[in-house]
There are 2 protein chains.
Amino acid sequence: MSKSSTNLTIKDIAKLSGVSKSTVSRVINHDPMVKESTRNKVMAIVEKYQFTPSKSARAMRGYGNKVIGIIVTRLDSISENHAVQSMLPIFYANGYDPIIIESQFSAAKVAEHLTMLREKQADGIIVFAFTGLDSSLLTVWQHKCVVIARPFPAYSCICYDDIGAVNKALTYLYQSEKHKKIGFIGVDKQDQTTGGLRYQAYIDFCTAYKIQANAVLGNLSYYSGYELAESVLVHSPTAIVCATDSIALGLNKLLSEKNINNIVVISIGSSELLNFLFSQTITVDLGFDKAGIYAANELLLMLEKQVNAKIITVPSQLLK
Amino acid sequence: MSKSSTNLTIKDIAKLSGVSKSTVSRVINHDPMVKESTRNKVMAIVEKYQFTPSKSARAMRGYGNKVIGIIVTRLDSISENHAVQSMLPIFYANGYDPIIIESQFSAAKVAEHLTMLREKQADGIIVFAFTGLDSSLLTVWQHKCVVIARPFPAYSCICYDDIGAVNKALTYLYQSEKHKKIGFIGVDKQDQTTGGLRYQAYIDFCTAYKIQANAVLGNLSYYSGYELAESVLVHSPTAIVCATDSIALGLNKLLSEKNINNIVVISIGSSELLNFLFSQTITVDLGFDKAGIYAANELLLMLEKQVNAKIITVPSQLLK
DNA sequence: TTGTATGCGTTATCAA
DNA sequence: TTGATAACGCATACAA
């Protein structure tokens with residue numbers, strides 16, 4: 001095996017430039033105590049051979065190889081993308097290497113990735129939770145872990161304002177616009193937050209204000225919104241609340257096909273695309289980008305010093 | 001500083017289980033030469049303290065820390081997402097840790113990320129190219145780099161079938177459906193591929209078949225498609241080719257608003273959303289997922305053995 | 001079957 | 001201002 005193929009080490013550079021290892025180390029670490037001339041001499045060799053110190057060796061010396069694992073459900077989830085986009089710069093700025101992986105809504109995959117991250121000695125992780133993910137998987141990471149979208153007890157979590165968002169939507173419709181017949185297209189209650197919480201908020205509002213509930217639950221896809229719309233329309237609502245922007249897309253498609261334009265659509269979750277395509281839709285922004293910022297900062301805090309698990313709810317905002 | 005906070009080392013485990021470092025090392029490396037009883041003894045301690053050997057230390061011993069950098073333009077680009085999604089499993093399967101970073105269409109950011117990756121001693125990189133990215137940035141990586149979406153000379157590149165896709169669309173419209181007045185909404189030619197190539201293919205087809213060109217160029221957003229549509233409609237086309245699915249979304253919105261439904265829309269790029277919302281739109285699939293597979297395999301090949309730079313064009317496919 | 005000693009590429013501590 | 005040398009955590013050739 002020829003030496004040429006393998007990477008140069010600080011020892012080689014030392015030999016090449018006629019100084020000792022330590023001097024080379026000083027030069028590449030910008031130690032001010034080296035003489036100008038020797039620095040130049042060494043730097044020349046460093047440049048010439050494109051030398052970079054072995055990251056692993058440095059890491060071993062405590063120059064931490066800091067890495068954060070980010071487990072998203074799907075790479076192409078708009079909401080998670082926004083959150084990730086806003087946390088990346090924060091991690092970079094603090095010298096962490098974020099490594100992004102997909103769980104594809106499979107707890108088994110999460111487990112797999114988690115051991116991978118443990119082997120890689122990740123310093124901390126961000127997990128986008130989903131139905132079927134159990135907090136027991138995370139026990140090892142409890143103190144260096146931020147969970148997004150689910151309130152796991154004893155974990156630091158960033159949650160969306162599911163209840164508040166639905167209330168804001170309903171309050172607007174009921175108080176400001178005097179709607180009395182308000183429908184709801186949601187997600188199966190097996191999904192605790194997007195499904196259960198948002199649905200329950202709708203039901204509670206209905207009972208509180210004595211209005212007739214008209215809800216139907218399906219899944220997260222726009223197909224679901226499209227297909228379920230009919231059964232809500234049957235009761236001739238004047239407004240419909242959609243639990244997600246995908247559902248709102250589906251509903252809007254149906255309304256547009258049927259040339260119905262006297263029904264107010266309001267969506268929990270505000271995507272650029274929805275606002276563009278169906279600009280008359282009122283949306284409630286859940287603050288995905290803020291969630292990313294909160295999550296990153298919270299994790300950094302946890303890693304820096306012992307800090308109590310806390311649940312942060314990202315404020316929602318009605319946009320009209 | 002208490003020892004409890006810092007991670008255990010193989011030395012600690014050795015002490016705890018009353019054997020030597022080497023024996024512990026043998027156990028965790030599944031050396032068959034260790035006695036059953038000692039193995040159990042050591043494993044017990046390992047389990048108890050959740051010990052994992054320092055990755056950096058073993059990396060230094062040659063147990064390579066293989067990493068691949070993937071530089072996407074934007075995390076929320078649908079097309080790049082698909083490509084990344086299909087390459088990730090391949091890298092995992094081959095023991096590489098993919099680390100994903102965003103360039104945000106900035107060459108400066110790419111440069112920055114590139115030095116980061118060099119410091120991290122990444123073994124190879126995948127770069128999603130964009131207008132303004134110069135191949136000179138990549139020279140250091142030339143032999144361990146796959147470029148996507150641009151044909152950089154002397155680099156291994158995965159390109160989309162821009163010209164073929166447009167031709168397939170036009171051929172279908174002209175030959176099978178006998179359209180004579182075909183419009184085109186594209187992207188500024190400064191974007192060499194999506195912009196220049198697709199536009200040129202349109203123009204070439206028009207001249208070849210002696211049909212009146214009716215094209216307008218803007219940017220990649222759906223707003224652009226929406227706004228430019230008017231000036232194409234002025235010449236009353238019976239079909240319109242859109243250079244991207246975003247543009248097609250914008251165009252479709254306008255057509256739907258104006259209640260125009262006798263114009264055939266055909267989109268280069270086939271997204272799930274476009275097919276759902278405007279299912280009458282004909283689409284040409286550019287094969288983003290295939291591109292990911294090609295890219296990953298090609299890179300692995302390059303890293304394994306010296307291999308000539310080659311350009312792979314992903315076949316496109318008309319869907320109707 | 002196990003322990004000892006050595007080296008991997010760095011940085012830090014000491015002496016010179 | 002520089003150089004020798006000892007760590008860091010691990011794997012392994014060699015000795016026992």
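These numbers come from a predicted model, not from an experiment. Below, chain A is the first sequence line, B the second, and so on; all start at residue 1.
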For [X] and [N], what is the distance between atoms [atom1] and [atom2] respectively, to the nearest whole Å?
| X | N | atom1 | atom2 | answer |
| --- | --- | --- | --- | --- |
| A:Glu36 | D:dT1 | CD | P | 11 Å |
| B:Lys15 | C:dT2 | NZ | P | 20 Å |
| A:Leu16 | C:dG9 | CG | P | 15 Å |
| B:Lys11 | C:dA5 | NZ | P | 14 Å |
| A:Lys21 | D:dA7 | NZ | P | 14 Å |

Checklist entry - Do A:Thr73 and A:Glu80 have side-chain atoms, one donor and one acceptor, less than 3.5 Å apart? => result yes
message: Under a 3.5 Å cutoff, is there a donor and acceptor pairing between the side chains of B:Ser103 and B:Arg74?
response: no
Can you tell me if [X] touches the phosphate of [N], counting only side-chain N or O atoms and a distance under 4.0 Å to OP1 or OP2?
| X | N | result |
| --- | --- | --- |
| B:Ser20 | C:dG3 | yes |
| B:Thr23 | C:dT2 | no |
| A:Thr38 | D:dT2 | yes |
| A:Arg58 | C:dT11 | yes |

Residue pair A:Ala57/A:Ser37 against DNA chain D: nearer the 5' end by closest nucleotide is A:Ser37
Per the atom types in the model, does the base of C:dT11 pair as donor or acceptor with the side chain of A:Ser22 at under 3.5 Å? no
- Donor-acceptor pair under 3.5 Å, A:Ser25 side chain vs C:dA12 base: no
Just compare [options] and give me whichever is closest to any side-chain atom of [X].
| X | options | value |
| --- | --- | --- |
| B:Ser54 | D:dA11, D:dC10, C:dT11 | D:dC10 |
| B:Arg26 | C:dT2, C:dT11, C:dG3 | C:dG3 |
| B:Ile10 | D:dC8, D:dT2, D:dC10 | D:dC10 |

Practice problem: Could you tell me whether A:Asp191 and A:Arg150 make a salt bridge, using a distance below 4.0 angstrom between a side-chain N and a carboxylate O? | Solution: yes
What one should report as the nearest heavy-atom pair of B:Pro98 and B:Ile70 is CB-CD1, 4.0 Å
query = NA contact type, B:Ile13, heavy-atom cut-off 4.0 Å: base, sugar-phosphate, or nothing?
reply = nothing
Indicate, with a heavy-atom threshold strictly under 4.0 Å, whether A:Val19 touches base, sugar-phosphate, or nothing.
sugar-phosphate
Report the relative orientation of the aromatic rings in A:Tyr92 and B:His113; use parallel for angles under 30°, tilted for 30 to 60°, perpendicular for over 60°.
-> tilted
